[in-house]
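This chain uses plain numbering: 1 for the first residue, then up along the sequence. Counting starts at 1 for both ligands and their atoms, in listed order. Worth knowing before you read on, the calculation uses all heavy atoms, side chains too, and leaves out hydrogens, waters and symmetry mates.
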Amino acid sequence: MNISFIGGGNMARAIIGGLQKNGFDTRFISVIDPDTEKCGALNTEYAVQLSNSYVDKGNNEIIVLAVKPQQLRDVCIQLKNSLSNQLIISIAAGVRIKDIARWLGGYDAIVRVMPNTPAQIQAGVSALYASKHIDDTRRNQAASILAAVGKVLWLEDESQMDAVTAISGSGPAYVFYFIEALQQAGIQLGLSPEASSMLALETFAGASQLAVQSPTSVETLRAQVTSKGGTTEQGILALEQAGVKQAIENAAKAAAQKSLALGDILGND
Ligand SMILES: NC(=O)c1ccc[n+]([C@@H]2O[C@H](COP(=O)([O-])OP(=O)(O)OC[C@H]3O[C@@H](n4cnc5c(N)ncnc54)[C@H](OP(=O)(O)O)[C@@H]3O)[C@@H](O)[C@H]2O)c1
């Protein structure tokens, strides 16, 4: 499998790193990015091929569009005359398949993906959506690339991408926000910044792992820590009184609405 990355930024780097860790021969990966420093670093670290032309993409079976959403239209327009039988994988947030296909001059062998940043340590989760006529071979190729950086989930309907963006795409930021708040609370309660940071991080990592590995639901796991009349009960009560659950729902809804609006704006050219 030859894979060409257009855009060699954070997400491309994460996926290339995951592929290498999974034993993929990175000599079959090429990267095109105007930032020569970024390209040099990718070449040194992963031994990928570098390219500065869209024309040679004709030799690749898979092209991963890993530029910013606002850069995607220009990239597609430059790419469209080099396409023959490749699978296009777009990881750009918000941009819909119908718009990518339009910019590619009607070429629509496209899989749209929403990864997330824990991909950097192969602990990501990616949602994928394929145009209806994409066959199983191509679906499996796309899934195997994203599986190199974490779990994969196929969506039945592209409109679900806005919800995915709100939950797992933006989700790491909510988690970091929660950890930050817990760290600050620890300091206010008299812990050193180092001790508070360590306790907050390890608690989050341990509780997440327990939730992932345990057959018990998160509601039950929470109830198990919350003894009647105890300290946790007081903490949860304060969270409930502050409407934190509602605030998290509002955050996800706001992110989903933004994703929908971005798709409209980016496709309105
Ligand atoms: N990071 C996330 O959490 C996340 C999660 C899900 C999806 N995504 C999606 O992943 C995509 C990439 O994100 P990222 O964080 O990796 O962005 P990034 O670090 O900015 O990487 C994008 C790279 O593409 C380069 N580029 C710009 N125009 C180009 C062109 N015409 N041809 C080739 N390369 C070009 C950019 O160069 P310059 O810097 O010089 O412009 C930059 O190096 C985005 O569409 C984003 O929506 C990101």
_Within ligand 1, which atoms have a heavy atom of Ile6 less than 4.0 Å away?_
32 (N), 33 (C)

*Looking only at non-hydrogen atoms, which of Val31, Asp33, Val67, Leu72 approaches atom 23 (C) of ligand 1 most closely?*
Asp33

*asked:* Show me which atoms of ligand 1 lie under 4.0 Å from any heavy atom of Thr117.
replied: 1 (N), 2 (C), 3 (O)

*With atoms numbered from 1 as shown, which atoms in ligand 1 lie under 4.0 angstrom from a non-hydrogen atom of Lys38?*
39 (O), 42 (C), 43 (O)

*May I ask you to check if ligand 1 and Gln78 share an N or O to N or O distance below 3.5 Å?*
no

_If I apply the N/O under 3.5 Å rule, does Met11 come out as touching ligand 1?_
yes

*Does the side chain of Trp103 reach to within under 4.5 Å of the side chain of Leu79, using non-hydrogen atoms?*
no

*Applying a 4.0 Å heavy-atom criterion (strictly less than), which segment of Gln71 is in contact with ligand 1: side chain, backbone, both, or neither?*
side chain

_As an exercise, identify every atom of ligand 1 less than 4.0 angstrom from a heavy atom of Gly7._
23 (C), 24 (O), 33 (C), 34 (N)

*Side-chain contact, heavy-atom cut-off 4.5 Å: Val113 with Ser90?*
no

*Check each of Ala66, Ala93, Pro115 against atom 22 (C) of ligand 1 and report the one with the nearest heavy atom.*
Ala66

*Which is closest to atom 35 (C) of ligand 1 by heavy-atom distance: Pro34, Gly171, Gly8, Ser170?*
Pro34

*side chain to side chain contact (heavy atoms under 4.5 Å, CB included), paired with Leu72, selected from Asp99, Leu65, Ile91*: Leu65

_Close side-chain approach of Ile6 and Gln78, heavy atoms under 4.5 Å_ = no

_How far is atom 20 (O) of ligand 1 from the closest protein heavy atom, and which atom is that?_
Lys68 CE, 3.2 Å

*Contact with ligand 1 for Asp74, non-hydrogen, under 4.0 angstrom*: no

*Ion pair present between Arg102 and Asp269, side-chain N to carboxylate O less than 4.0 angstrom?*
yes

_Closest approach of any protein heavy atom to atom 32 (N) of ligand 1, naming residue and atom_ = Tyr54 OH, 2.7 Å

*Met114 N/O under 3.5 Å from ligand 1 N/O*: no

*Nearest-neighbour protein heavy atom for atom 19 (O) of ligand 1, which is reported as residue plus atom name and distance*: Asn10 N, 3.0 Å

*Heavy-atom side-chain proximity of Phe28 to Gln49 below 4.5 angstrom*: no

_For Asn250 and Gln246, which I'm curious about, is there any donor-acceptor pair between the side chains at under 3.5 Å?_
yes

*asked:* Regarding Arg96 and Glu158, does a basic nitrogen lie under 4.0 Å from an acidic carboxylate oxygen?
replied: no

_Contact between Leu239 and Leu237 at the side-chain level, heavy atoms closer than 4.5 Å - yes or no?_
no

*For atom 9 (C) of ligand 1, what's the nearest protein heavy atom and its distance?*
Ile91 O, 3.1 Å

*asked:* What protein heavy atom lies closest to atom 21 (O) of ligand 1? Include the residue and the distance to one decimal.
replied: Gly9 CA, 3.2 Å

_side-chain contact (heavy atoms from CB on, under 4.5 Å) between Gln183 and Leu201, worked out_ = CA-CA 8 Å; Gln183 285 173 343; Leu201 284 171; 4.1 Å; yes

*Starting from atom 33 (C) of ligand 1, locate the nearest protein heavy atom and write down its residue, its atom name and how far away it is, to 0.1 Å.*
Ile32 O, 3.3 Å

*asked:* Using a 4.0 Å cutoff against the non-hydrogen atoms of Pro69, which atoms of ligand 1 qualify?
replied: 44 (C), 45 (O), 47 (O)

_Any non-hydrogen side-chain atom of Ile110 less than 4.5 Å from a side-chain atom of Leu104?_
yes

*asked:* Using side-chain heavy atoms (C-beta onward) and a distance below 4.5 Å, is Phe24 in contact with Met1?
replied: yes

